J.: 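Dropping a structure here in structure tokens format, bear with me for questions.
Heavy-atom basis, side chains included; hydrogens, waters and symmetry copies ignored. Whatever order the structure lists ligands and atoms in, that order sets their numbers, starting from 1. Fair warning: this is a prediction, and the values are worked out from it, not measured in the lab.
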Amino acid sequence: MPKSPWIGIDLDGTLAHFEVWKDVHTIGEPVPRMLRIIKWFLHNGFHVKIFTARASQGEAAILAIRDWLQKAGLPPDLEITDRKDHYMIECWDDLAISVEPNTGKRLGGASVMDM
Ligand SMILES: [Mg+2]
């Protein structure tokens with residue numbers, strides 16, 4: 001597949017409800033707002049990847065995600081990765097702290113620094 005700009009969407013806690021880790025076969029219910037956002041990206045020609053640590057947990061994990069995507073009404077052949085590269089243009093992630101480029105200034109997100 002040729003390299004093109006892509007948008008990374010985290011799974012647990014972002015695209016799927018998440019409370020506690022169970023196993024690779026257990027993925028929470030889809031988050032409706034995120035489903036609409038991904039569908040908007042796809043409809044408008046953006047390259048979307050599921051960006052999840054689950055991708056490092058073997059073929060069973062990948063198959064479980066593909067099954068989940070299909071049941072959620074998304075293309076089951078979306079690329080699934082646990083790696084970012086220089087083509088990633090956005091990362092949607094419940095754990096991310098948004099930072100202003102080149103300043104270290106925090107723009108959003110909850111940190112343990114706040115506790
Ligand atoms: Mg997450």
J.: Does R66 pair with D77 as a salt bridge, N-O distance under 4.0 Å?
T.: no
J.: Does W92 reach the main-chain N or O of I38 with its side chain, forming a donor-acceptor pair under 3.5 Å?
T.: no
J.: Return the name of the atom in D94, of element N, O or S, nearest to the Mg ion (ligand 1).
T.: OD1
J.: Any idea which N/O/S atom from D12 gets closest to the Mg ion (ligand 1)?
T.: O
J.: Assess the side chains of W6 and D85: does a donor N or O sit below 3.5 Å from an acceptor N or O?
T.: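 W6 vs D85: donor-acceptor pair found between side chains.
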J.: Taking both backbone and side chain into account, is any N, O or S atom of D93 nearer than 2.8 Å to the Mg ion (ligand 1)?
T.: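 Within the cut-off used here (under 2.8 Å), D93 places no N, O or S atom near the Mg ion (ligand 1).
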J.: Of all the N, O or S atoms in D10, which has the shortest distance to the Mg ion (ligand 1)?
T.: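 The Mg ion (ligand 1) is closest to the D10 atom OD2, counting only N, O or S.
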J.: Charged N to carboxylate O under 4.0 angstrom, D114 versus R106?
T.: yes
